[in-house]
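Comments concern the structure below.
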Amino acid sequence: MDYNQFFNAALNRLHDERRYRVFADLERIAGRFPHATWHSPKGQRNVVIWCSNDYLGMGQHPKVVGAMVETATRVGTGAGGTRNIAGTHHPLVQLEAELADLHGKEASLLFTSGYVSNQTGISTLAKLIPNCLILSDALNHNSMIEGVRQAGCDRQIFRHNDVAHLEELLIAAGPDRPKLIVCESLYSMDGDVAPLGKICDLAEKYGAMTYVDEVHAVGMYGPRGGGIAERDGVMHRIDILEGTLAKAFGCLGGYIAGKAAVIDAVRSYAPGFIFTTALPPAICSAATAAIRHLKTSNWERERHQDRAARTKAILTAAGLPVMSSDTHIVPLFVGDPEKCKRASDLLLEEHGIYIQPINYPTVAKGTERLRITPSPYHEDGLIDALAEALLQVWGRLDLPLHRKPLAAE
Ligand SMILES: *Cc1c(COP(=O)(O)O)cnc(C)c1O
């Protein structure tokens, strides 16, 4: 039997649908964010990264790099096992205390990624609630969808950020049924924000538990970087907050924070926590340094918002199709997978600008886009050069300028 044919056929399907993905071979340069080296087929080139989720450049912050090096030098690299066996180490314990404090919760629990925290966190929580009904936002991230699926309980999807629809479903479920509302605070493909206050009102009125993914908001919103829930003054009303250490905190790992008993139960029952090696001490120390820094420093947050606002203003003034966004995300509408990929290739090859195309299944077909994430370190000159490059690419690909926004935006 020629097993290879199955895999080649699968790859060919992706090529046919223009969904085959190619990764650029990049090397970041510590201290020169957002500049990087691209190991292109024709040799090394300097490029500017415009799509990193290291939103604040903390992955290169001297305090963060310093903490990682210092800890690795002092205690070595790996954790030495699962938490149960030999993996619970001091930097990890300190990090969990830091995260609980960040969110004003009794406890927190670390996982090897934000993906795992959603997948194993949501499924474990829901399995521990008898006859649980999960109410999940239609645009939730794949890691949450997997968590909901693996929970194996009843689930209903409410229209994206539609609290009236959520309320209908809560009423229909009845007061006696245990209900878990699962949503994100900031949706990173459109840059829109969930009405967390209203969701909390409904959860309290109808007796539901709340689980909110703050992956794209922690570090960046709220006076101490606690996220949108902190900014909106509702952090204490949300039962479980989930976040990542891999985006604004510039490291790796995911976590949930909540009441001590909830966290202890997940610690005790979640397979994706129990059966995998703990995060290395150096990563934990680095993450703690990033969180501590952002608890007191507002410079990064303010400058980040300023850069995002300027990028939106400059691109919009140039007639480029900036989609409406309430946050630091700057989506640029393309609406065609082939042209989206071509635009990304042209930007990289001819302008030294790296912006990954966002195609189906990450976003709906027909809404393909370039997703731009300005950081505190994208200076005026870089923004102006970006606008100029985009205009040239738009011309080359015959993409429309001064487009009318979609009704849904
Ligand atoms: C990136 C992302 C995750 C996963 O976090 P990682 O730490 O990268 O695994 C979870 N939820 C959302 C909404 C994300 O965008």
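One is the number of the first residue; the rest follow in order along the sequence. We count ligands from 1, going down the list as the structure has it; atoms in each ligand are counted the same way. Just so you know, these numbers use all the heavy atoms, side chains as well, and skip hydrogens, waters and symmetry mates.
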(message) Can you confirm, on distance only, whether ligand 1 has an N/O atom lying under 3.5 Å from any N/O atom belonging to His216?
(response) yes
Pair up each side-chain donor or acceptor in residues 271-287 with any protein partner under 3.5 Å, not counting sequence neighbours, and list the distances.
residue	atom	partner	partner atom	Å
Ser285	OG	Thr71	OG1	2.8
Ser285	OG	Pro281	O	3.3

(request) Would you please classify the geometry between the Phe33 ring and the His378 ring as parallel, tilted or perpendicular, with 30° and 60° separating the classes? (result) perpendicular
(request) Please report which non-hydrogen protein atom sits nearest to atom 4 (C) of ligand 1, along with the residue it belongs to and the distance in Å to one decimal place. (result) Tyr115 N, 3.4 Å
(request) Could you check atom 7 (O) of ligand 1 against the protein and tell me its nearest heavy-atom contact, residue, atom and distance included? (result) Thr244 OG1, 2.6 Å
(request) Would you mind checking which non-hydrogen protein atom is closest to atom 2 (C) of ligand 1, with the distance to 0.1 Å? (result) Lys247 NZ, 2.5 Å
(message) I want to know if ligand 1 touches Glu242 in the polar sense, i.e. an N/O pair below 3.5 angstrom.
(response) no
(request) With heavy atoms only and a cut-off of under 4.0 Å, state how Leu252 meets ligand 1: side chain, backbone, both or neither. (result) neither
(request) Any chance you could lay out the ring pair (Phe, Tyr, Trp, His ring centres under 6.0 Å) test for Tyr187 and His141, step after step, and finish with the verdict? (result) CA-CA 9 Å; Tyr187 290 82; His141 188 257; over 10 Å; no
(message) Once side-chain hydrogen bond (donor to acceptor under 3.5 Å, both in side chains) is applied, do any residues pair with Glu106, and if so which ones, sequence neighbours excluded?
(response) none
(request) Find all atoms of ligand 1 within a distance of less than 4.0 Å from any non-hydrogen atom belonging to Asp213, and give their numbers and elements. (result) 10 (C), 11 (N), 12 (C), 13 (C)
(request) Would you name the heavy atoms of Thr210 and Ile238 that are closest together and state the gap between them? (result) OG1-CA, 3.4 Å
(request) Say whether Val215, considering both its backbone and side-chain N or O atoms, lies within less than 3.5 Å of an N or O atom on ligand 1. (result) no
(message) If you compare all heavy atoms of Val218 against all heavy atoms of Tyr255, which two are closest, and at what distance to 0.1 Å?
(response) CG1-OH, 3.3 Å
(message) How far is atom 6 (P) of ligand 1 from the closest protein heavy atom, and which atom is that?
(response) Gly114 N, 3.4 Å
(request) State if Gly254 counts as touching ligand 1 under the rule of any non-hydrogen atom under 4.0 Å. (result) no
